[in-house]
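Protein chains get the first letters and strands the later ones, always in sequence-line order, with residue 1 at the start of each. These numbers were taken from a predicted model, which means no experiment stands behind them.
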Amino acid sequence: MHELSLIANLFEIMEEKAAEKNAKKITHVVLQVGKLSGVVPDLLITAFDIYKKDTMASEGELTIKEVPLKILCRDCKTEVVKDDFVFICTKCGSTNLKTLSGTELYLEKMELEID
Amino acid sequence: MGKDEKMKTKEVMVLEDLLGSNKKIAAEIRQKLTDTGILTINLLSSPGAGKTTLLESLSEILAPEYKMAVIEGDIETERDADRIRAKGIPAWQIITGGACHLEAKMIGKLLPEIPADLDFLFIENVGNLVCPASFDLGENIRCVLLSTPEGDDKPKKYPKAFTTSDCLVISKTDLVSVLPFNIERAKKEALEINPALITFTTSAQTGAGIKELAEYFSESLQKIRRTNA
Ligand SMILES: Nc1nc2c(ncn2[C@@H]2O[C@H](COP(=O)(O)OP(=O)(O)OP(=O)(O)O)[C@@H](O)[C@H]2O)c(=O)[nH]1
Ligand SMILES: [Mg+2]
Ligand SMILES: [Zn+2]
């Protein structure tokens, strides 16, 4: 359950950004979570709800945007979205691929209450 | 309303990596150890796949020729570090106290104690095939172990550990005769999700494959030293 330690990192970033804006509250948080990020979205939400008590985000809500695993074939230049994790081009069978998205674990944006 | 009327809500774009601070520390560790000429290997597996036993076997081949040390990560106890020390190999135990993985900052804290004349620094991660995969520790080589009793279907069930690794060690191959484990199927699954994986099969029981793995680490060490030179 490394989701808890990721949420601790998230709060560090959130609180720093909120302080820069002199915010009083964090009301909404949006995360981008790649399909191959290695985290379970539901566990992130659970960890967020545990962690937020007694913070600026105590009433904050977490939204998770799942990012598909997208791959570019360097040989036939096809872009494919992978539902499995098979790193083989579905068009030409090449394994010479580049991961375009799907590994991210980003704080995308948040909604703040400012005086 | 009253008081609330003064409040404004504002949406701010951030786009920051939750693993950003770990990645930054890991990059610093990798740079420092690599510049010193030390090859660092992060061993990942589910509990009991044979990480400590593999290190014990590797030490018998590597220690006469090279200087190696081990950082042990466990939730509790010094047991694994004691096993390594019993082989005459320096070992540091990180007790995570519940955390299911090591993080770069834990390795960073130990860095001042790592002797500069080391050849190999092995890091045995907490036994867990999921969580450690998300945390770069500053290693040069990430090595995932899959032991035959776990079953040959694990790569696709736990993809992150396999897609982020450089090398796969199928361990406890002495047991294949009594298990429905198919080594070729396991390799094929792993290579499908990570075509760049270098694969080894080992048995600490019979010693099979340990020498080949040790050679791979030695060659990788020469490679970073050539790049440094
Ligand atoms: N038959 C057989 N047993 C092995 C082999 N390697 C390890 N074992 C046994 O597997 C058990 C677990 O080995 P460890 O080396 O402690 O495993 P580990 O991955 O370090 O375990 P944790 O640190 O607890 O995650 C021990 O009883 C070992 O003796 C092998 O090659 N063959
Ligand atoms: Mg161990
Ligand atoms: Zn292609």
(Q) Which atoms of I13(A) are under 4.5 Å from chain B, going by heavy atoms: the side chain, the backbone, both sets, or neither? (A) side chain

Q: Identify the two heavy atoms, one from F87(A) and one from I193(B), that lie closest to each other, and give their separation to 0.1 Å.
A: CD1-O, 3.0 Å

(Q) Given heavy-atom pairs under 4.5 angstrom as the criterion, report whether the side chain, backbone, both or neither of Q32(A) touches chain B. (A) side chain

(Q) Please find the pair of heavy atoms, one from L18(B) and one from L10(A), that lie closest to each other, and give the distance. (A) CD2-CD1, 3.7 Å

Q: Compare every heavy atom of L6(A) with every heavy atom of F135(B), then report the nearest pair and how far apart it is.
A: CZ-CD2, 4.0 Å

**Q.** K25(A) side chain reached by T9(B) side chain, heavy atoms, under 4.5 Å
**A.** no

(Q) Side chains of M110(A) and V14(B), heavy atoms from C-beta outward: is any pair under 4.5 Å? (A) yes

Q: Under 4.5 Å heavy-atom distance to chain A, tell me which part of T164(B) shows up: side chain, backbone, both or neither.
A: neither

(Q) Quick one, K8(B) and E113(A) - any side-chain contact, counting heavy atoms below 4.5 Å? (A) no

Q.
So for E189(B), is it side chain, backbone, both, or neither that comes closer than 4.5 Å to the heavy atoms of chain A?
A. neither

Q | Contact class of K24(A) relative to chain B, heavy atoms under 4.5 angstrom | A | side chain

**Q.** Reported CG-to-CE distance for the pair L107(A) and M13(B), which is rounded to 0.5 angstrom
**A.** 9.0 Å

Q: Starting at NZ of K23(B), measure out to CG of L105(A) and round the result to the nearest 0.5 Å.
A: 8.0 Å

Q) Side chain, backbone, both or neither: which part of F162(B) has an atom under 4.5 Å from a heavy atom of chain A? A) neither

Q) Considering all heavy atoms of both residues, which atom of C100(B) and which atom of H2(A) are nearest to each other, and what is their separation? A) SG-N, 3.6 Å

Q. Are side-chain heavy atoms of V12(B) and K17(A) found at a separation under 4.5 Å?
A. no

Q) At their closest point, which heavy atom of S134(B) faces which heavy atom of S37(A), and how far apart are they? A) OG-O, 3.5 Å

Q: Taking all heavy atoms of V130(B) and all of G38(A), pick out the closest pair and write down the distance.
A: CG1-O, 4.4 Å

